[in-house]
Amino acid sequence: MGEVKINGAKNAAVAILPATLLIDGVCTIENLPHISDVMISCEILEKLGAKITWNNKNSVTIDTRNIHTTKAPIDLTSKFRASYYIIGSMLGRKKEIEVGMPGGCQLGARPIDQHVKGFEMLGAEVTVGNGTIFATADKLVGNSIYMDIVSVGATINIMLAATLAEGTTTIDNAAKEPHIVDVANFLNTMGADIRGAGTDVIKINGVKKLKGNATYSVVPDQIEAGTFMLAAVATRGDLLIKNCITKHLDSITAKIIEVGGIVEDYGDSLRVCCKKRPTKANIKTLPHPGFPTDLQPQMGVVLSLANGTSIINESIWESRFQYTQELNKMGAKITAQGKTAIFEGVEKLSGAPVYSTDLRAGAALIIAGAAAEGTTEIYNLEHIDRGYENIEERFRNIGAQIERVKE
Ligand code: UD1
């Protein structure tokens with residue numbers, strides 16, 4: 001049986017790092033994944049005036065006492081999606097921010113109207129145009145904000161902006177992902193007053209100041225844990241996944257059991273094994289606690305190898321089936337149209353040159369390559385490096401024959 005230890009959550013880390021801007025002081029963040037999105041987040045903080053000291057590759061001490069500009073570097077913020085958290089944090093801290101439009105995976109239209117609506121309801125003026133977002137406020141005042149759609153990013157961003165606002169903010173129809181709870185826990189550790197994170201309704205009682213002077217450890221990555229769980233099933237392996245919060249993985253556990261795998265739950269670790277060919281299953285991606293869209297491509301690999309025909313309905317992103325064309329090059333039989341894909345399971349995949357089209361698609365291709373006969377060459381690794389620390393070594397340690405070939 002192979003063993004893998006799960007790192008801190010990327011999507012929590014890239015929100016907690018900008019959240020440190022709300023502290024006029026010093027704090028330490030531990031269990032940060034050592035990935036490019038985290039490194040860029042730290043670079044952005046430095047450009048705004050924060051002093052960053054690395055304690056080791058997964059722990060950083062941040063001094064935000066000298067934030068001297070309200071212009072975020074466009075070249076860096078355009079590199080990933082979560083750079084939009086600079087807006088909520090800087091609105092809270094300095095009441096002003098100019099930032100480039102966020103980049104990130106091309107998964108279809110990624111509007112930010114709910115973020116803007118939230119900031120405006122707190123009293124900010126927001127101008128979006130010419131590739132930048134400019135937000136400013138005389139002061140932020142708490143309000144009742146109903147989210148028209150369930151958005152992870154907008155929920156966190158409004159929470160950030162409301163932390164130092166006057167009075168109480170209520171976010172209704174809030175997203176409930178584990179990293180939302182983690183950001184709220186971080187802010188509360190630093191002196192904020194946030195209740196209800198992880199439910200539909202979050203209440204933020206504005207405080208005057210965050211005190212800092214504390215250490216916070218990032219929650220284990222739900223998506224990384226799910227990636228390894230699904231790798232175990234696709235390769236018909238036996239894997240102990242350590243340092244995870246198994247409750248966050250219920251929707252994945254349920255699907256693995258449905259396709260014939262075995263999951264043993266030890267609270268902070270999981271054993272996943274699958275000794276026979278998985279059977280078909282249908283998936284619909286949904287906001288938490290539903291099946292996460294960020295594990296849809298990895299599940300797609302399992303279903304491409306399943307006995308029978310499966311359907312995946314992607315309800316969050318318009319263009320999240322680009323990876324299916326790559327899997328088809330490896331012998332999969334997948335027909336994708338719009339937000340639906342039909343997986344006619346095949347007995348085996350065969351190695352081929354394939355292109356990682358986005359972060360989670362890249363992870364899916366590694367799983368497919370590990371499960372396939374022959375050699376798979378995966379290109380565009382920069383997508384994968386945005387979200388997985390040391391991915392090839394960790395797959396190698398659990399039995400995959402994988403190496404990074406420098407070109
Ligand atoms: C976050 C995750 C991403 C994940 C996604 C859904 C981070 C850094 N990224 O992205 O990995 O795939 O959640 O779990 O945490 N929408 C609007 N208007 C808005 C905001 C969103 O219409 O203002 C729509 C989006 O187009 C999408 C849906 O809402 O269809 C959900 O998006 P959202 O939860 O905001 O995703 P992100 O926070 O960008």
Side-chain angles (χ1 to χ4, degrees), residues 8-19 33 35-38 40-41 44 77 79-89 101-121 126 128 133 135 145-161 171 173-184 218-219 221-224 226-227 248 251-252 284-299 313-323 338-339 357-364 383-384 386-388:
K10 162 191 166 285
N11 286 348
V14 295
I16 288 172
L17 288 168
I35 52 176
S36 65
D37 274 12
V38 161
I40 300 169
S41 299
I44 295 173
T77 53
K79 287 195 174 156
F80 67 129
R81 183 76 187 156
S83 57
Y84 51 36
Y85 293 135
I86 297 288
I87 311 173
S89 307
M101 286 303 271
C105 293
Q106 299 303 320
L107 307 174
R110 298 188 78 169
I112 55 160
D113 56 297
Q114 297 301 305
H115 303 238
V116 172
K117 166 178 146 172
F119 298 143
E120 287 176 344
M121 289 189 75
V126 185
V128 183
I133 305 162
I145 302 169
Y146 177 82
M147 310 295 298
D148 301 322
I149 41 120
V150 178
S151 160
V152 172
T155 301
I156 292 180
N157 233 341
I158 295 167
M159 211 161 71
L160 293 171
I171 310 175
N173 199 23
K176 297 181 280 202
E177 270 64 6
H179 46 290
I180 291 175
V181 180
D182 206 41
V183 178
V218 176
V219 71
D221 198 317
Q222 173 208 25
I223 303 301
E224 189 179 88
T227 299
H248 293 167
S251 63
I252 300 106
K284 181 176 172 123
T285 63
L286 287 171
H288 192 75
F291 192 93
T293 172
D294 286 356
L295 287 171
Q296 188 260 97
Q298 300 88 318
M299 188 72 205
N313 185 259
E314 169 59 54
S315 76
I316 314 286
W317 301 117
E318 283 164 9
S319 319
R320 197 147 216 181
F321 285 126
Q322 296 169 69
Y323 75 91
K339 288 183 160 185
T357 49
D358 59 70
L359 166 58
R360 306 303 172 186
H383 291 300
I384 307 174
R386 283 190 38 229
Y388 293 91

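Order of listing sets the numbers, starting from 1, for every ligand and every atom in it.
- Counting only distance, with no hydrogens or angles, the side chain of Asp221 and the backbone of Lys10 share a donor-acceptor pair below 3.5 Å.
- Checking Leu359, Thr155, Asn11, Ile149 against atom 9 (N) of ligand 1, the nearest heavy atom belongs to Asn11.
- Using modelled atom types, no side-chain atom of Asn157 and backbone atom of Ile87 make a donor-acceptor pair closer than 3.5 Å.
- Under a 4.0 Å criterion applied to the non-hydrogen atoms of Gln114, ligand 1 contributes the atoms 18 (N), 19 (C), 23 (O).
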Trace of the salt bridge (charged side-chain N to carboxylate O under 4.0 Å, His left out) decision for Arg320 with Asp294: CA-CA 9 Å; Arg320 197 147 216 181; Asp294 286 356; 2.7 Å; yes
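- Counting heavy atoms closer than 4.0 Å to ligand 1, residue Asp113 contributes atoms from both its backbone and its side chain.
- Remark: distances from the non-hydrogen atoms of Tyr84 to ligand 1 include one below 4.0 Å.
- At least one donor-acceptor pair under 3.5 Å links the side chain of Thr155 to the backbone N or O of Ala175.
- Proximity annotation for atom 13 (O) of ligand 1: of Val152, Ile180, Leu286, Ile156, Val152 comes nearest, heavy atoms only.
- Note on ring orientation: taking the six-membered ring where Trp is involved, the planes of His288 and His248 are perpendicular (angle over 60°, cut-offs 30° and 60°).
- Residue-level proximity to ligand 1 for His288 is absent, since no heavy atom of it falls below 4.0 angstrom.
- Atom numbering of ligand 1 starts at 1 in the shown order; those under 4.0 Å from a heavy atom of Ile112 are 19 (C), 23 (O).
- Polar contact check, Lys10 against ligand 1: no nitrogen or oxygen pair lies under 3.5 Å apart.
- With hydrogens and angles ignored, the 3.5 Å screen pairs a side-chain donor or acceptor of Asn173 with a backbone N or O of Met147.
- Of the heavy atoms in Glu318, none comes closer than 4.0 Å to ligand 1.
- Ligand 1 lies nowhere less than 4.0 angstrom from a heavy atom belonging to Lys117.
- In the vicinity of His115, heavy-atom distances shorter than 4.0 Å reach the ligand 1 atoms 23 (O).
- In this structure, the salt bridge (charged side-chain N to carboxylate O under 4.0 Å, His left out) partners of Lys117, at least two apart in sequence or on a different chain, are Asp148.
- Where the criterion is an N or O separation shorter than 3.5 Å, residue side chain and backbone included, Thr293 fails it with respect to ligand 1.
- Shown in contact with Gly153 at under 4.0 Å from a heavy atom are these atoms of ligand 1, numbered in order with element: 35 (O), 38 (O).
- A donor-acceptor pair under 3.5 Å is formed between the side chain of Asp182 and the backbone N or O of Val219.
- Taking any N or O of Ala154, backbone or side chain, none lies under 3.5 Å from an N or O belonging to ligand 1.
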Check against side-chain contact (heavy atoms from CB on, under 4.5 Å), Ser41 and Phe80: CA-CA 9 Å; Ser41 299; Phe80 67 129; 3.4 Å; yes
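- For a threshold of 3.5 Å applied to N or O pairs, the pair formed by Ile316 and ligand 1 contains at least one separation below that value.
- Proximity to His179 (heavy-atom distance under 4.0 Å) selects the following atoms of ligand 1: 15 (O).
- When each of Lys339, Gln296, Lys284 is tested with Glu314 by the rule side chain to side chain donor-acceptor pair (under 3.5 Å), just one qualifies, namely Gln296.
- The main-chain N or O of Thr77 is found under 3.5 Å from a side-chain atom of Ser83 such that the two form a donor-acceptor pair.
- Not a single heavy atom of Glu314 sits less than 4.0 Å from an atom of ligand 1.
- Near Arg320, meaning under 4.0 Å from one of its heavy atoms, ligand 1 places the atoms 12 (O).
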